[in-house]
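Positions are given from 1 along the sequence. Order of listing sets the numbers, starting from 1, for every ligand and every atom in it. Side-chain atoms are counted along with the backbone in the values below, which use heavy atoms only and exclude waters and symmetry mates.
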Amino acid sequence: MKKIIIPSILILTTLLTSCKESAEVSEVNDNTQELNQTLSDQGFAVLEKNCFSCHSPNVNSTENIASTMAEIKMAFITKFENEVDFSKAISDYVQHPSDENAVVKGAFKKYGTMPQMEFSEDELKAVGYFVFHSNIEKENWITDVYPKLKANYMANASTENKSYVEKGREYAMATKSVLGKNLMGKIKTVGTDEALSFCNVRAISLVDSMSNVQNVQIKRVSDKNRNPNNAANEMELAYIEGAKALLSRGYELKPQTQEIDGKVVGYYPILTNNMCMQCHGEPEKQILPSTMELLKKFYPNDKAAGYGEGELRGIWVVEMEK
Ligand code: HEC
Ligand code: HEC
């Protein structure tokens with residue numbers, strides 16, 4: 001795939017930041033108990049950037065990508081009544097999405113499994129905190145509260161002082177969230193083979209249309225690439241080899257940054273789950289013959305089949321101007 005450029009929401013974010021002071025928003029919930037506003041804001045930011053694209057914040061959403069955030073909250077709160085258990089269960093699922101850990105009734109059968117994404121413990125704690133204390137399950141939340149929280153988030157978004165490894169990860173995860181939504185949506189509505197054509201053609205123009213902002217460039221590469229444009233270079237291969245060795249010994253993978261030609265380059269692992277198998281799994285068994293045929297047509301030099309679950313499929317590479 002070609003280079004992926006940052007979603008336009010980030011342009012907005014930066015534009016708005018420069019002309020707006022931080023707004024006081026304390027309508028996360030309407031009970032009198034004191035709220036940890038910082039934690040709540042942090043949780044909202046993670047959700048807005050990475051989760052709402054698939055889990056609509058609108059309780060009445062009819063989008064067919066995944067459960068709404070309200071459905072998730074209600075299912076988890078019924079099973080894990082106290083805040084600590086609730087938060088831990090959400091965090092556990094996001095760190096290791098698996099159908100066994102799913103709680104929303106029938107959801108994984110309907111929507112499939114969530115793609116793996118990388119978040120820190122602190123971010124997930126904040127997500128749990130926000131979802132637990134918000135009134136996201138109420139009818140009027142989306143019209144009355146969400147716009148204010150979003151404005152507040154946009155005002156604060158890029159004033160924070162983050163490390164490059166952290167910034168790069170945010171860009172990669174935000175892009176993944178959008179691509180993942182499109183891919184899962186296509187598979188559900190038109191099936192694997194049509195989705196594949198979408199990935200082959202549309203994904204490129206889709207990401208190209210997310211215009212270049214803040215001198216950040218994102219691409220996906222692999223040691224066993226499908227698209228010839230996604231072959232990893234020497235530096236990238238070095239990271240991939242190291243990551244594979246760690247993975248085989250059961251370690252959690254860590255992202256890494258490096259300075260190359262005055263730019264900071266971040267590497268972020270991309271792992272497979274069962275959703276990927278229909279296009280990257282075992283040929284003819286997991287990848288259906290009709291899909292195989294399309295793959296051979298679009299990618300005569302395809303190296304990206306034969307994967308199992310939980311393997312390193314490739315990496316995000318985020319190039320940031322210093
Ligand atoms: C519907 C089929 C389909 C599914 C499902 C799918 N992929 Fe792909 N994947 C593709 C195609 C097609 C390409 C080549 C895209 C291009 O031309 O840039 C690709 C490319 C990639 C690349 C870029 C490197 C390369 O090989 O060119 C990565 C990384 C990747 N996929 C990871 C995943 C992961 C992880 C999952 C599961 C979460 C997944 N894919 C699910 C079809 C699929
Ligand atoms: C690319 C789409 C996508 C993104 C982005 C995404 N998810 Fe998911 N998520 C899914 C799918 C699909 C499922 C499984 C089916 C379901 O429950 O909706 C799921 C399931 C879940 C579940 C378990 C629900 C259950 O069935 O019990 C939780 C909790 C969850 N996601 C939290 C998050 C959080 C938090 C984020 C952001 C950090 C996030 N998700 C981002 C697609 C996504």
Side-chain angles (χ1 to χ4, degrees), residues 1-2 4 43 46-55 64-69 71-73 75-76 79 86 89-95 97-119 123-124 126-128 130-131 173-174 176-188 190-204 207 219-232 269-281 287 291 294-295 298-299 302-305 307 309 311-316:
M1 197 188 286
K2 288 200 218 149
I4 299 177
V46 176
L47 286 156
E48 175 66 24
K49 251 183 292 184
N50 304 288
C51 318
F52 289 161
S53 57
C54 292
H55 300 293
N64 256 338
I65 308 289
S67 314
T68 61
M69 210 25 95
E71 285 175 302
I72 293 184
K73 173 175 179 179
F76 275 72
K79 185 158 176 198
F86 174 89
I90 300 262
S91 173
D92 283 350
Y93 181 91
V94 175
Q95 284 174 316
S98 86
D99 296 344
E100 292 90 72
N101 295 344
V103 178
V104 181
K105 211 161 176 254
F108 73 84
K109 288 216 181 79
K110 191 162 153 207
Y111 302 118
T113 314
M114 179 164 125
Q116 178 98 39
M117 304 203 270
E118 308 298 321
F119 297 100
E123 283 174 311
L124 293 175
V127 164
F130 178 87
V131 176
M173 289 308 119
K176 180 170 187 173
S177 166
V178 174
L179 276 184
K181 175 192 172 158
N182 287 318
L183 181 60
M184 295 188 85
K186 280 284 159 196
I187 290 177
K188 264 212 83 226
V190 293
T192 311
D193 292 355
E194 283 294 321
L196 196 153
S197 311
F198 167 84
C199 287
N200 175 248
V201 190
R202 281 276 321 280
I204 292 172
V207 295
K219 59 181 179 171
R220 287 188 312 177
V221 301
S222 178
D223 53 332
K224 299 202 298 168
N225 50 305
R226 174 156 286 167
N227 186 321
N229 298 334
N230 298 339
I270 303 175
L271 297 174
T272 50
N273 65 23
N274 68 1
M275 199 275 279
C276 321
M277 295 302 113
Q278 56 194 304
C279 297
H280 295 295
I287 310 180
T291 311
L294 284 173
L295 285 175
F298 290 135
Y299 307 98
D302 184 15
K303 290 178 240 160
Y307 281 88
E309 288 178 39
E311 291 184 7
L312 187 69
R313 177 61 268 276
I315 56 174
W316 290 100

Q | N/O separation below 3.5 Å, Phe119 to ligand 2 | A | no
Q. Distance only, no hydrogens: is a donor on one side chain within 3.5 Å (strictly under) of an acceptor on the other, for Gln278 and Thr192?
A. yes
Q) Should the proximity of Glu71 to ligand 2, defined as any heavy atom under 4.0 Å, be assigned to the side chain, the backbone, both, or neither? A) neither
(Q) Suppose I only count heavy atoms of Ile270 and a 4.0 Å limit; which atoms of ligand 1 are within that range? (A) 29 (C), 35 (C)
(Q) Minimum distance, heavy atoms only, to atom 22 (C) of ligand 1: which one of Arg313, Arg226, Lys186 is it? (A) Arg313
Q | Verdict with supporting geometry, Met275 and Leu183, side-chain contact (heavy atoms from CB on, under 4.5 Å) | A | CA-CA 10 Å; Met275 199 275 279; Leu183 181 60; 4.2 Å; yes
(Q) How close do Lys176 and Pro115 get, counting heavy atoms only, and between which atoms? (A) CE-CB, 4.4 Å
Q. Which residue and non-hydrogen atom of the protein lie closest to atom 14 (C) of ligand 2, and at what distance in Å?
A. Gly112 O, 3.1 Å
Q) Considering only the protein, which heavy-atom contact is closest to atom 27 (O) of ligand 2, and what is its distance? A) Val103 N, 2.4 Å
**Q.** Atoms of ligand 2 close to Gly180 [distance to a heavy atom under 4.0 angstrom, numbered from 1]
**A.** 1 (C)
Q: Determine the minimum heavy-atom distance between Val104 and Ile72, stating which atoms define it.
A: CG2-CA, 3.8 Å
Q | Element-labelled atoms of ligand 2 that are located less than 4.0 Å from some non-hydrogen atom of Met117 | A | 4 (C), 5 (C), 6 (C), 41 (C)
Q: Ignoring angles and geometry beyond distance, decide whether His280 reaches within less than 3.5 Å of ligand 1 through its nitrogen or oxygen atoms.
A: yes
Q) Identify the closest protein heavy atom to atom 12 (C) of ligand 2: which residue and atom is it, and at what distance? A) Met184 CE, 3.3 Å
**Q.** side-chain contact (heavy atoms from CB on, under 4.5 Å) assessment of Arg226 paired with Leu295
**A.** CA-CA 9 Å; Arg226 174 156 286 167; Leu295 285 175; 3.5 Å; yes
Q) Which bit of Lys176 gets closer than 4.0 Å to ligand 2, counting heavy atoms only: side chain, backbone, both or neither? A) neither
Q | ligand 1 N/O within reach of Tyr299 N/O, cut-off under 3.5 Å | A | yes
Q. Mind checking whether Phe86 and Val131 have side chains closer than 4.5 Å, heavy atoms only?
A. yes
(Q) Going by the closest heavy atom to atom 35 (C) of ligand 1, which one wins out of Ile315, Ile287, Leu295, Leu271? (A) Leu271
Q.
So if I apply the side-chain contact (heavy atoms from CB on, under 4.5 Å) rule between Val94 and each of Met117, Glu123, Met114, which one comes out positive?
A. Met114
Q. Does even one non-hydrogen atom of Phe298 get within less than 4.0 Å of ligand 1?
A. no
(Q) Within the 4.0 Å heavy-atom shell around Ile187, which atoms of ligand 1 are there? (A) 5 (C)
Q | Contact (N/O only, under 3.5 Å) between Asn227 and ligand 1 | A | yes
Q: Identify, with sequence neighbours excluded, every residue that meets side-chain contact (heavy atoms from CB on, under 4.5 Å) alongside Lys79.
A: Val103
Q.
side-chain contact (heavy atoms from CB on, under 4.5 Å), that's the test. Do Asn50 and Phe119 meet it? Break it down for me.
A. CA-CA 10 Å; Asn50 304 288; Phe119 297 100; 3.6 Å; yes
**Q.** Check: Asn274/Thr113 side-chain N/O donor and acceptor closer than 3.5 Å
**A.** yes
**Q.** Which residues share a salt bridge (Lys or Arg N to Asp or Glu O under 4.0 Å) with Lys224, sequence neighbours left out
**A.** none
Q: Under 4.0 Å from a heavy atom of Ala102: give me the atoms of ligand 2 that qualify, with their elements.
A: 25 (C), 26 (O), 27 (O)
Q: Tell me, please, which residues at least two apart from Asp92 pass salt bridge (Lys or Arg N to Asp or Glu O under 4.0 Å).
A: Lys88
(Q) Let's test this: below 2.8 Å, count the protein N/O/S atoms around atom 8 (Fe) of ligand 2. (A) 2
Q) Could you walk me through whether Cys51 and Met69 pass the side-chain contact (heavy atoms from CB on, under 4.5 Å) check? A) CA-CA 9 Å; Cys51 318; Met69 210 25 95; 4.1 Å; yes
Q: Write down the atom of Gly281, the atom of Ile287, and the distance for their closest heavy-atom approach.
A: O-CD1, 3.3 Å
Q) So which heavy atom on Ile65 is nearest to which on Gly185, and how close? A) CD1-CA, 3.3 Å
Q) Can you name the closest pair of heavy atoms from Arg313 and Thr272 and give their distance? A) CB-CG2, 3.6 Å
**Q.** Per-atom contacts, ligand 1 versus Met275 - under 4.0 Å to a heavy atom
**A.** 5 (C), 38 (C)
**Q.** Atom indices of ligand 2, in the order listed, that fall short of 4.0 Å to a heavy atom of Asn50
**A.** 5 (C), 37 (C), 41 (C)
Q. Against heavy atoms of Lys181, which atoms of ligand 2 measure under 4.0 Å?
A. 1 (C)
